[in-house]
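To start, I am sharing the structure in question, which I have written as structure tokens.
Below, read A as the first sequence line, B as the second, and so on, with proteins coming before strands; counting in each chain starts at 1.
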There are 2 protein chains.
Amino acid sequence: MGGKLEEEALPRAASAASDGKAPRTARGERTLRKILDAAREEFGERGFAESSIVGITQRAGVALGTFYTYFDSKEALFQALVRDMSAQVRDTVGPVLGHAADALDGERLALEAFLRFAHEHRDIYRIIDESEFVEPSVYREHYETTATRIAARLKFAREKGEIDVSYNDKDLDVLAWAMMGANVFLGLRFAVWDDADEVHVANAMSRVWRRGFNQ
Amino acid sequence: MGGKLEEEALPRAASAASDGKAPRTARGERTLRKILDAAREEFGERGFAESSIVGITQRAGVALGTFYTYFDSKEALFQALVRDMSAQVRDTVGPVLGHAADALDGERLALEAFLRFAHEHRDIYRIIDESEFVEPSVYREHYETTATRIAARLKFAREKGEIDVSYNDKDLDVLAWAMMGANVFLGLRFAVWDDADEVHVANAMSRVWRRGFNQ
DNA sequence: GTGAAAGTTGAACCGTGTTTCAACTTGCGA
DNA sequence: TCGCAAGTTGAAACACGGTTCAACTTTCAC
């Protein structure tokens, strides 16, 4: 399959629509995109409850009824957005792992990247967080996937001798959730609420994990 | 002041009412208490948006209008509840610190107590979490207070030589938020969603902190 | 160029749930 | 026992915003 880079964004937008409501022409595609962008702004600024479909369609510059051409309900739109953003977080943070000297250095870089991302996209952060109450299943999906990925990296690192073998699989499952929780709260406090130095935060954190996991 | 134990609960309930709406008789006090209890159930089970004042007053066994004798709005009630519960978490977790051999052992016991508490009171957990979107200021208040308390303990432990002196105040502020975030997510995954062994979770976590903070 | 499919429009419908209020009941102090 | 302040009641007013739909416009395949 050629042209993967350019093609990537479109199917994601297209598949964001509710079942049987995917756009069939380029015009529809554009309209759907406008609604998704407007929704991200509105939900990010005002939260789910305060956001209205009127508000979203006005921002998007389309009529109220147009919304229902692409989505079954306000909840369906929210769910589509969270899925989209969950993937965005993954695609932003994932690649930096390649540049790491070892596994724990990778986690440091990942935290740094996450903090930068959270600071630049506070709206996304808020939307994913609010999904715990709007669409619990996607929230679970997001964090379960993330934790599983971290745990897998930790286990792999243990096989390579970078993490003390006395930590068994169950321990590492627990610790993966702990690392993720730490990252999320550091993001909230130092990137979303504040504009702290990501490098300092990530370094302080990394030092503890490094000592904690070795020896 | 004598009889502190028995007196503790009442003023808290009384002050939960909106400004100028505090009950003035024993009957009023009881009614307010019924509403608060019913609200905890309703908000815990259904979340803020899905909960209704009708539902809350029905659970409480009082008429709809009675609600407005004590609260200005649904939001005001929610805020009062979060404040009440934030204090409950503190009062449950705080005391166990006294039984600890050293500071890091205290954090282990605190996590264990928190996991037990989160498991037994999932409704409370959910309500505090949801306040991020309903009443952001109380959410911030709750976590900022908690993090400050943890940071103070860490700094004190450093003075006593239980934590490596190479961690400066700024580092410990960061790490306090990390510990809190880890605790919250462990609570969500292993106490609220699942019914895991608190002791194992707390031990695995504690081992990492211990190694991480020393030398 | 034509016609059918796709997309757009916004007024009106509709359900829900918060809030008000005037009449009523309770309980306490004198 | 009396009277008034405190508390209670629930029907109705009210606001709000999600959803529907039938008429209209645009696009595109042939």
- Would A/His119 and A/Asp194 count as having a side-chain donor-acceptor pair, cut-off 3.5 Å?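 On atom types as modelled, these side chains do not qualify, holding no pair under 3.5 Å.
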
- B/Leu154 side, atom CG; B/Asp169 side, atom CG - distance, nearest 0.5 Å: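 The CG atom of B/Leu154 sits 10.5 Å away from the CG atom of B/Asp169.
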
- Message: Between C1' on C/dG17 and CZ on B/Arg46, what's the gap in Å once rounded to a whole number?
- Response: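 Rounded to the whole Å, the gap is 12 Å.
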
- Query: When the distance from CD of A/Glu29 to P of C/dA6 is rounded to whole Å, what number comes out?
  - Reply: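 It is 14 Å, rounded to the nearest whole Å.
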
- Task: Give a yes or no on whether the ring-centroid distance for B/Phe185 and A/Tyr143 is below 6.0 angstrom.
- Result: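 Between B/Phe185 and A/Tyr143, the centre distance is under 6.0 Å.
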
- Using a 4.0 Å cut-off on protein heavy atoms (strictly under), produce a 5'-to-3' string for nucleotides 22-30 of chain C with B for base contact, S for backbone-only sugar-phosphate contact, and - for none. ----BS---

- Message: Tell me every residue that passes ring-ring contact (aromatic ring centres under 6.0 Å, His included) with B/Phe48, counting only those two or more places apart in sequence or in another chain.
- Response: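 Per chain and number, B/Phe48 pairs via ring-ring contact (aromatic ring centres under 6.0 Å, His included) with B/Phe43, B/Phe78.
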
- Taking atom C1' of C/dG17 as reference, at what distance in whole Å does atom CZ of B/Phe67 sit?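 Result: 12 Å.
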
- Message: Can you see if the side chain of A/Thr66 gets near the phosphate of C/dG7 - specifically, an N or O under 4.0 Å from OP1 or OP2?
- Response: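 The answer is no; no side-chain N or O of A/Thr66 sits under 4.0 Å from OP1 or OP2.
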
- Task: Taking only Lys NZ, Arg NE, NH1 and NH2, and the carboxylate oxygens of Asp or Glu, determine whether B/Arg108 and B/Asp105 approach each other closer than 4.0 Å.
- Result: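 A salt bridge links B/Arg108 with B/Asp105.
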
- All side chain to side chain donor-acceptor pair (under 3.5 Å) counterparts of A/Glu132, not counting sequence neighbours: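 Result, side chain to side chain donor-acceptor pair (under 3.5 Å) vs A/Glu132: A/Tyr139.
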
- Check whether any side-chain nitrogen or oxygen of A/Thr31 sits under 4.0 Å from OP1 or OP2 of C/dT8, and answer yes or no.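 Checking C/dT8 against A/Thr31, a side-chain N or O does come within under 4.0 Å of OP1 or OP2.
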
- Query: Which residues pass the side chain to side chain donor-acceptor pair (under 3.5 Å) test with A/Glu120, sequence neighbours left out?
  - Reply: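 By the side chain to side chain donor-acceptor pair (under 3.5 Å) rule, A/Glu120 matches no residue at all.
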
- Item | Residues B/Arg140, B/Glu135: salt bridge by 4.0 Å N-O rule |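 Result for this pair is no, no salt bridge flagged.
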
- Item | For A/Asp197, side chain to side chain donor-acceptor pair (under 3.5 Å) partners two or more places apart |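 Applying side chain to side chain donor-acceptor pair (under 3.5 Å) to A/Asp197 gives none.
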
- Query: Given atom CG of A/Leu32 and atom C1' of C/dT8, what is their separation to the nearest angstrom?
  - Reply: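 Roughly 14 Å, once rounded to whole Å.
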
- Query: Once you round it to whole Å, what is the distance between C1' of D/dT9 and NZ of B/Lys34?
  - Reply: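 Those two atoms, NZ and C1', are 13 Å apart.
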
- What string of B, S and - do you get for nucleotides 12-18 of chain D, 5' to 3', if B is base contact, S is sugar-phosphate-only contact and - is no contact with any protein heavy atom under 4.0 Å? ------S

- Item | Integer-rounded Å distance: D/dG7 P and B/Phe71 CZ |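 Atom CZ in B/Phe71 sits about 13 Å away from atom P in D/dG7.
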
- When we call it a touch if two heavy atoms are under 4.0 Å apart, what does B/Tyr70 touch: a base, just sugar-phosphate, or nothing?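 Sugar-phosphate contact only - B/Tyr70 comes under 4.0 Å of backbone atoms but never of a base.
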
